[in-house]
**Student:** 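There's a structure below that I have some questions on.
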Amino acid sequence: MNQSVKQPNRLGEGGRIDRARTLSFTFNGKRYTGHAGDTLASALLANGVDIVNRSFKYSRPRGIVAAGPEEPNALVQLGSTEAAQVPNVRATQQALFDGLTAQSTNGWPNVQRDVMGLVGKLGGRFMPPGFYYKTFMAPASMWMTYEKVIRMGAGLGRSPMVPDPDVYDHLNQHCDLLVVGAGPAGLAAALTAARSGARVILCDEQEEMGGSLLDSRERLNNQPAAQWAEQVLAELAECDNVTLLARTTANGYHDHHFVTLHERRTEHLGETAPVVDGYCPSRSRMHRVRAGQVLLATGAHERPLVYAGNDVPGNLVAGAVSTYIRRYGVVPGTKLVLSTSNDHAYRVALDWHDLGKASGREVVAIVDARQAPDGELVEQARARGIRIITGSAVLEAKGDKRVSGARVATIDAEAFKVTGQAETLACDTIASSGGYSPVIHLASHTGARPTWSDEVLGFVPGLVKGVHAAGSARGIHDLAEGLADGVAMAARALEALGRTAGSIELPQVDALREGAACALYQVPHEKQTLRAPKQFVDLQNDVTAAAIELATREGFESIEHVKRYTAMGFGTDQGKLGNINGMAIAARCLNKTIPEVGTTVFRPNYTPVTFGAIAGRHCRELFDPERYTALHQWHVEQGAEFEDVGQWKRPWYFPQVRAEAANGERESMAEAVARECLAVREKVGILDASTLGKIDIQGPDAREFLNRIYTNKWAKLEVGRARYGLMCRDDGMLMDDGTTSCLGENHFLMTTTTGGAAGVMEWLELWHQTEWPELQVYFTSVTDHWATMTVTGPEARKLLAEITDIDLDRERFKFMDWREGKVADVPARVFRISFTGELAYEINVQANYARHVWKTLFEHGDKYGLTPYGTETMHVLRAEKGFIIVGQDSDGSVTPEDLGMQWAVGYDKPYSWVGKRALSRSDTRRTERKQLVGLKPKDPKVVLEEGAQIVFDPDHAIPMPMVGHVTSSYYSPTLESGFALAVVKGGHRRMGEIVYLPSADGKTHAAEIVGPIFYDSKGERQHV
Amino acid sequence: MFHIYCPYCEELREEEEFHPKGQAHIARPTDPDTCSDEAWGDYLFFRDNPRGIHHELWVHAVGCRKFFNITRNTVSYEILETYKIGEEPRFTAEHPAGKPTEQAAAEAEAVARQEGVKA
Amino acid sequence: MSDHTLTCANVYDARPATEVPAESPLAWSYQNTGRPSVSEKSRVVLRERAMLGHLILRGGAIVLDDAVRQVLGLQLPGRPNALSHDESGERSIQWLSPDEWLLIVPGGEEFELEQRLRDALGDARDTAVKNYAIVNVGGGQTLVELEGECVRELLMKSTPYDVHPDAFPVGKGVTTVFAKSNLILRRPTEDRWELVLRRSFADYLYRWLLDAGAEYAIGVEA
Amino acid sequence: MQRYSGFGLAKHALSHHENWERQWRNPTPKKQYDVIIVGGGGHGLATAYYLAKEHGITNVAVVEKGWLGGGNTARNTTIVRSNYLWDESAALYEHAMKLWEGLSQDINYNVMFSQRGVMNLGHTLQDMRDIQRRVNANRLNGIDGEVLTPEQIQKIVPIMDCSKKARYPILGASWQPRAGVARHDAVAWGYARAADALGVDLLQNTEVTGFKIRDGRVFGVHTNRGDIEAKTVGCVAAGNSGVLAKMAGFRLPLESHPLQALVSEPLKPVLDTVVMSNHVHGYISQTDKGDLVIGAGIDGYNGYGQRGSFPTVEHTLQAIVEMFPMFSRVRMNRQWGGIVDTCPDACPILSKTPVKGLFFNCGWGTGGFKATPGSGHVFAWTLAKGQTHPLAAPFSIDRFHTGALVDEHGAAGVAH
């Protein structure tokens, strides 16, 4: 098979690809082949695919311009199935694999013949930057319609529409030195650090480590540069103290040297992660690195020149051409014109000439903006007979779907003028180089401002303590100097770590003398910028030099304004190619220097990262912990429905299979709750209350502590007794409640609400540690140690008596007493505390024995009608008794007095307890505060809506003055009516008044204000 | 993500183990019952909120559960010191480079405390 | 009311005297999630050490050290994050905070141990000036051991704490973040790591470990 | 002012856009103004515009230390809604909402206010109680709102996981159809252009370094470009309020925290409403350019660094993937942080201060952008009359001493 027919731009030899392995892939529905080691971009270029996409705004045909993460055009939609879709993949960073399927993200019906392209051509001039701010305003009602049309043009690729089949994970890494970038400086630095014994991580975003050494013309120790890189990598791989991460992009630099590295573990293998050994590894992995010091050897991005038609396919960044030739064996055209402002780019012409000549490739000319270039590379080009046109630049690329020629003329860069007559050179490729911008992104993430260097003609990174830059990343582009800089900067970092750098012998470099570069960004055109053919600055967002000029004309003078007005730099490439050119153009328009116009700030990510990789394994069933009690299995087996309370899964209700139903149909929630409620009121029910927070408090000052932290009094609580307590914040607002029992003179057990447990524990520690360190007391959470089962109802005593040795006599074991003894042979503490208003025992046993005790209760409970109940029934029962739920009947703006709980407030306690002072402020003394009351609906069948707003005058026009709202509302099977708790302005003195509740369906319910206790108002039943 | 030296665990730990608890050294009025509404409101709500050196209370929530103070620059996020409750900061807005005379004393005290723990 | 509740602190044996079925915090997980078997491919092996005695000890280091030496023959670890074992390796004591230690002993020993410590610390009836606390937390937590060549990588997936041997030598234990929960992580020997899990989070952590460990063919010893 | 219209655009296109005028001048500071507004963000520029337009006070300077709209106006997630719980907040935000609805026409600048609806999801029974309470209050206050069932939600947002399998299944949502998003930068620029046209001086790169105060009265400011005098000074400088207050010699009940946000790469339209979940902690919408704009949480510590902690971003994206499992393969492009001044009761301060003639408008927390027109309108009234606008009265600094907080933290619980 003739290789050249299949891949017309592939050289017969050379490159780092594996020619023995041919891979087939599909692009825009057409099949092609490439080789292992190719990127999608190199394979497309090898196959002579010119147009890879259509541009965002003007739908212009676009080709590949770069070879790395700076590529703005070649964004593709990857994936052959719906689940495997990945939008906006940069073809230059996607390794080719067999069966890869990709499409252009824009272009309809296809990128070759795109309808929108016509719109862009005709309409382009009506779409200057910010045009949408100036139109679509009339009539106002039409905007949503206009917007629908605008949105049709939105976006690049598309989201998959089904869940991701892949998983992702995180790996927490720690190291002394993180080296980002495995080019010459990075490798030298990593080796220096490795030999010092320090823990080193070296990461590199490319498929293969080595950076520019992989496609360098230069020789190290008289070998190809890549060979030296291989030797260094081999040594590093042998070191236990070194972690090498290829295909790994440092995408964000966070505080205190926390750097996130995104490792693409399987993206080079297939569109979804392949199964290995029966296991599907994570598709990609986020390394969360905490480094002692960080060395940035991130290299530089070459800047293209800005000239007319510079977006036509066939215009490339110069260095990328070399990369394609030397690394992938691909010459992306036949006739090259190189437009440059520096010596370095001459390599491109030399590579094209030396390696492409055999296959008929030709360098038409090197167009150099400098008057008298004289470096060694220039001499080499001259020696090869390549035509060099000095003092000139490519003004304009000709062609439509591929470059067909370059208009070249002499220019005066300083005066921004074309000085000579333009000549058109026939060519199909224009490579341009305007210099090299250090990759300062990561340093910029730390908040350090970069500074402009006239010598480098670029921004060099600002560095916070502990961050070092080496080589091209700080403008040192010479290979020998870059290597030495890597060693020197590593030594500096190691010194900061208190280590001595390992010794390393730098390779011999055959240095080439390079002449000075000149500053050139936008190339002048014969026509004014506004009238010239489009000169693109930001290819992805279709931002032109004219757009920047217009922005400055309209008063947008800060570079941030210019960027935002034109959208420059807001693409997925974050302006890696265009930002400096854009700033230079803005500076020219404003008659300022680049640093005067501003700096450029980058934010994470350096390159985009999938949401999945950032989420890691914390998704689906592992999104958030589910906390279970020791009785969870029993609840599941009984078919409980669960309610989320904080992270806990609590049984909500226990629907039973309907006796009369043959098909196993279960009760509705209302039916189940009614049954459970009646069981408790008439017989006996059981609740798993294990989720309540429990805090063991020991110490000589435990009692005094309780006196200060609770609103009520604890001085006289005897051993063996329990008490209900309220806890306020120091602003006087209720924060938690619960019972606390005196276990011993210096020993208490506090209970908290389920949701408040952790907060209360921290609250106690806060006051103890910061305000009252003199109090001798310790707090230990025992929430998980104890399982708590509430047995409640008239039959509770009889049931419990069957399985306990505790004396349950009503006189000897009173309401609010606790006793210890055995329940079902298990040592237990039993508390006579009631949240239902019925006779109740809260049995606490060590959680390991909970299921045994629970089951034993059921073994004995059948004859008493023992019924498990869930949180919903608990709510109904407690609300019938007017017991509040913190967070439901209170909301952070409610005081104990608002709840009518003055009885639990000890104003005369000696210490000014937490919350007391705030209760005497003018607002908390108001009589018109919202106060907790009961509401009895006029129609007993009505269950008021929880959250319903209360008004006095139902006929008042909107806005209606609202005086409170319903906090809890249920149907009571005991009372056979609906009832509610509510807060109402001045409610405590409005007993008997009628209020109204207008609901969304247009109905207004009336209700009478009553006391909050609806059942057994004397509280006799819990005392039986 | 911050890297925070816990003065009790005596090592650097990840921010995920800690919770910030607002400005440090907020003194509760010694006699709340007689202080004015203004003084009480100031204590509850009014904060310095400086741009620059700031003293804040943190808790090593997932760790030793101790509260301690951090002196941190709220712009650069650099942590200048962490210190235990009851101790005074060395770095303040007035002494951004540290209080020189007290430095030695503070260090001596810290050493003494360590000895105590060893014993 | 039993006699000792009249004292300063309520101490009692939470374990039944008779044979009563007990369930570790992972009982539900074994049933619901299952236990992948250990094979020669298993590069991580998980083993629960259920039903051990867990006590929290609070107080000043100097006061407690005396009592612990006397009762257990062990020195109270004074350095932060230190973990020490008795010679048998069965009993351990770990620094949790400057005034807090975790004692783990064979199941059944904890009640007697607590009493002996209280005796050593002073008569329980006269502790008005003695400031310490001992709390039985054995029902609320369980200990899980991890062994195998990939344990460290499994831990790196789960905790931001540095588990490199340089940072985490044998004899260290820390309370730290683990997945979206937290636990106590300890390294009693060169090859073995221990996790002390809270009961209510145990199932989540178990599922997390199996998920993160699948890559290493994690097996669970019955 | 050069009037903007579709026709004008076409006309300018024929002359290659050479004849567009500056959108605002770049004036030299005068010695004296009637009113100085410190802070050239959306709120400050709106204040200046309404001072000139509604009160005829045009001798006004807006003093901005950086570039116009460069603070939180440039760094928010652009959500506009008015469905607040408490009457006081609802009135203020609804006032803003009504101004939003005619804003593009009023200032002849398309701020792209897109009323695509905002949905606040409920995942627990308490969430649903709070939603009912808030929607009921909204309705009786004349603010549009309804409570949606999971089935209705699924219809509006078909791509969201509304199944019961979710860790925290969606039980319902509140829905404000008139709410939506706007183009944030355009709000600042539009107000700037309109205020400038009425004679207001917009002074960029002018930093206030102190206040001129005598006998408890303000009479100007010191700046890096010299002193500027005025008897009325209004500070509207989110992220800097505490620092300015300190210059004036008093403290505020404010703390400045980083609030992070992020965007995905541009995608073809897939989500045409705003979805917020307080419980799983994430909110999301899609711009007209195709980016998913995602709000992350507030970091708990004080910070002026315009960046927060990475775990906050992780948690946010976990929440987004939980709600939208298909977005797992979508990629995050960029993240950033704003600085929000938060009050203990999550409500703003629009108030006189201990210094006569000096007024503060601050503490909007995460609610600043949506309030922009209302805040400016009410604050302009306050500055013009020297007394607090009735809608602003509940938001005075005094409330932190009397205890009369307007606690939006409570049941509204909706952070953004």
Side-chain angles (χ1 to χ4, degrees), chain A residues 86-88 125-126 128 131-137 140 147 150-151 154-156 158-164 254 447 530-531 550 554-555 558 560-561 564 572 603-604 608-612 614-615 618-619 623-624 644 891-893 921-924 945-949 958-960 962 965, chain D residues 4-6 9-10 13 16-18 20 22-24 67 70 104-105 109-110 114 124 126 129 132-133 136-137 140-142 167-168 185-186 265-270 288-290 305 310 314 317-318 320-322 325-336 402-404 407 409-411:
Chain A
V86 187
N88 308 337
R125 67 191 310 183
F126 300 105
F131 72 95
Y132 28 80
Y133 304 134
K134 295 174 178 162
T135 182
F136 304 127
M137 284 179 283
E147 194 186 27
I150 291 173
R151 278 174 92 85
L156 299 170
R158 68 177 183 87
S159 166
M161 296 304 285
V162 298
D164 192 341
H254 304 269
L530 286 177
R531 291 168 180 266
L550 178 60
E554 288 193 84
S558 153
E560 284 295 337
H561 275 161
R564 285 163 182 274
T572 66
R603 308 272 179 206
V609 181
T610 52
F611 288 6
I614 294 165
H618 304 280
C619 57
F623 170 64
D624 201 43
D644 286 305
D891 66 2
S893 63
R921 290 176 300 166
S922 62
D923 194 69
T924 40
E945 184 183 60
E946 287 179 343
Q949 292 288 339
I958 299 269
M960 286 174 117
M962 288 168 263
H965 73 281
Chain D
Y4 290 163
S5 67
L9 188 68
H16 298 270
H17 303 289
E18 280 171 340
W20 289 109
R22 293 181 66 96
Q23 299 199 1
W24 51 80
W67 37 284
S104 294
Q105 290 70 30
Y109 209 93
N110 190 353
S114 173
T124 67
Q126 188 57 41
R129 286 181 202 109
Q132 292 281 11
R133 177 183 175 192
N136 279 319
L140 299 187
N141 270 323
R167 171 65 185 87
Y168 295 105
D185 290 327
E265 297 183 303
L267 301 174
K268 301 280 187 261
V270 66
D288 288 349
K289 190 167 173 259
F310 186 66
E314 289 178 320
L317 285 177
Q318 285 154 12
I320 296 300
V321 172
E322 172 72 2
M326 54 180 250
F327 285 159
S328 170
R329 288 171 97 85
V330 170
R331 300 192 297 180
M332 164 179 149
N333 192 18
R334 216 155 37 86
Q335 70 171 100
W336 66 90
T402 63
D407 202 344
H409 272 317

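Residue numbers start from 1 in every chain, and the chains themselves are labelled A, B, ... in the order their sequence lines are given, proteins ahead of strands.
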**Student:** With distance as the sole test, does Gln318(D) use its side chain to make a donor-acceptor pair with the main-chain N or O of Ala615(A) at under 3.5 Å?
**Tutor:** yes

**Student:** Can you tell which part of His618(A) gets under 4.5 Å to a heavy atom of chain D, answering side chain, backbone, both or neither?
**Tutor:**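 It is both, since atoms from each part get that close.
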
**Student:** Kindly determine whether Asp891(A) and Arg133(D) satisfy side chain to side chain contact (heavy atoms under 4.5 Å, CB included), including the steps that lead there.
**Tutor:** CA-CA 12 Å; Asp891(A) 66 2; Arg133(D) 177 183 175 192; 2.9 Å; yes

**Student:** Look at the rings of His561(A) and Trp24(D) and say which category their plane angle falls in: under 30° parallel, 30 to 60° tilted, over 60° perpendicular.
**Tutor:** perpendicular

**Student:** Could you tell me whether a side-chain N or O of Gln335(D) sits under 3.5 Å from a main-chain N or O of Arg603(A), the two making a donor and an acceptor?
**Tutor:** no

**Student:** Heavy-atom pairs under 4.5 Å with chain D: which of Val86(A), Ile150(A), Leu530(A) has the most?
**Tutor:** Leu530(A)

**Student:** Do Gln23(D) and Tyr133(A) meet the criterion of a side-chain donor-acceptor pair at a distance under 3.5 Å?
**Tutor:**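 Tyr133(A) and Gln23(D) do not have a side-chain donor-acceptor pair below 3.5 Å.
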
**Student:** Under 3.5 Å, is there a donor-acceptor pair between the side chain of Asp288(D) and the main chain of Glu147(A)?
**Tutor:** no

**Student:** Taking every non-hydrogen pair under 4.5 Å, which of Ser922(A), Pro128(A), Gly447(A), Cys619(A) racks up the most with chain D?
**Tutor:** Pro128(A)

**Student:** Gln126(D) versus chain A, heavy atoms under 4.5 Å apart: side chain, backbone, both or neither?
**Tutor:** side chain

**Student:** Identify which of Pro608(A), Ala140(A), Ala948(A), Gly612(A) forms the greatest number of heavy-atom pairs closer than 4.5 Å to chain D.
**Tutor:**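 Most heavy-atom pairs under 4.5 Å with chain D: Pro608(A).
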
**Student:** Go through the side-chain N and O atoms of Asp164(A) and Ser328(D) and say whether any donor and acceptor fall under 3.5 Å apart.
**Tutor:**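 Indeed, the side chains of Asp164(A) and Ser328(D) share at least one donor-acceptor pair under 3.5 Å.
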
**Student:** So for Thr124(D), is it side chain, backbone, both, or neither that comes closer than 4.5 Å to the heavy atoms of chain A?
**Tutor:**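 The side chain, not the backbone.
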
**Student:** Partners of Arg564(A) by side chain to side chain donor-acceptor pair (under 3.5 Å), sequence neighbours excluded?
**Tutor:**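 Result, side chain to side chain donor-acceptor pair (under 3.5 Å) vs Arg564(A): Asp185(D).
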
**Student:** Among Thr924(A), Thr135(A), Thr610(A), Thr572(A), which has the most heavy-atom pairs under 4.5 Å with chain D?
**Tutor:**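 The answer is Thr610(A).
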
**Student:** Does any backbone or side-chain atom of Ser558(A) lie under 4.5 Å from a heavy atom of chain D? Answer side chain, backbone, both or neither.
**Tutor:** side chain

**Student:** So which residue, Val270(D), Val330(D), Ile320(D), Leu9(D), ends up with the most heavy-atom pairs under 4.5 Å with chain A?
**Tutor:**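 When all of Val270(D), Val330(D), Ile320(D), Leu9(D) are compared, Val330(D) has the most.
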
**Student:** In terms of heavy-atom pairs under 4.5 Å with chain D, which of Pro87(A), Pro959(A), Ala154(A) leads?
**Tutor:**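 When all of Pro87(A), Pro959(A), Ala154(A) are compared, Ala154(A) has the most.
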
**Student:** Where on Val321(D) is there a heavy atom nearer than 4.5 Å to chain A: the side chain, the backbone, both, or neither?
**Tutor:**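 Just the side chain, heavy atoms under 4.5 Å.
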
**Student:** For the candidates Ser104(D), Ala137(D), Gly6(D), which exhibits the highest count of non-hydrogen atom pairs separated by less than 4.5 Å from chain A?
**Tutor:**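 Most pairs with chain A among the choices: Ala137(D).
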
**Student:** Check whether Glu946(A) gets within reach of chain D through its side chain, its backbone, both or neither, counting any heavy atom under 4.5 Å.
**Tutor:**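 Interface part for Glu946(A): both.
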
**Student:** Measure across Glu314(D) and Ile614(A) and return the closest heavy-atom pair with its distance rounded to 0.1 Å.
**Tutor:**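 That closest heavy-atom pairing would be CG-O, 3.7 Å.
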
**Student:** Go through the atoms of Glu18(D) and report whether side chain, backbone, both or neither lie under 4.5 Å from a heavy atom of chain A.
**Tutor:** both

**Student:** So, Asn110(D) side chain and Tyr132(A) main chain: donor-acceptor pair closer than 3.5 Å or not?
**Tutor:** yes

**Student:** With chain D, which of Arg151(A), Arg921(A), Arg158(A) has the greatest number of heavy-atom pairs at distances under 4.5 Å?
**Tutor:** Arg151(A)

**Student:** Counting distance only, does the side-chain N/O of Gln105(D) pair as donor-acceptor with the main-chain N or O of Met137(A) below 3.5 Å?
**Tutor:**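 Yes.
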
**Student:** Only pairs of heavy atoms separated by less than 4.5 Å count here; which of Pro325(D), Pro269(D), Gly305(D), Ser114(D) has the most with chain A?
**Tutor:** Ser114(D)

**Student:** Which atoms of Leu550(A) come close to chain D, meaning under 4.5 Å heavy atom to heavy atom: side chain ones, backbone ones, both, or neither?
**Tutor:**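 The side chain, not the backbone.
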
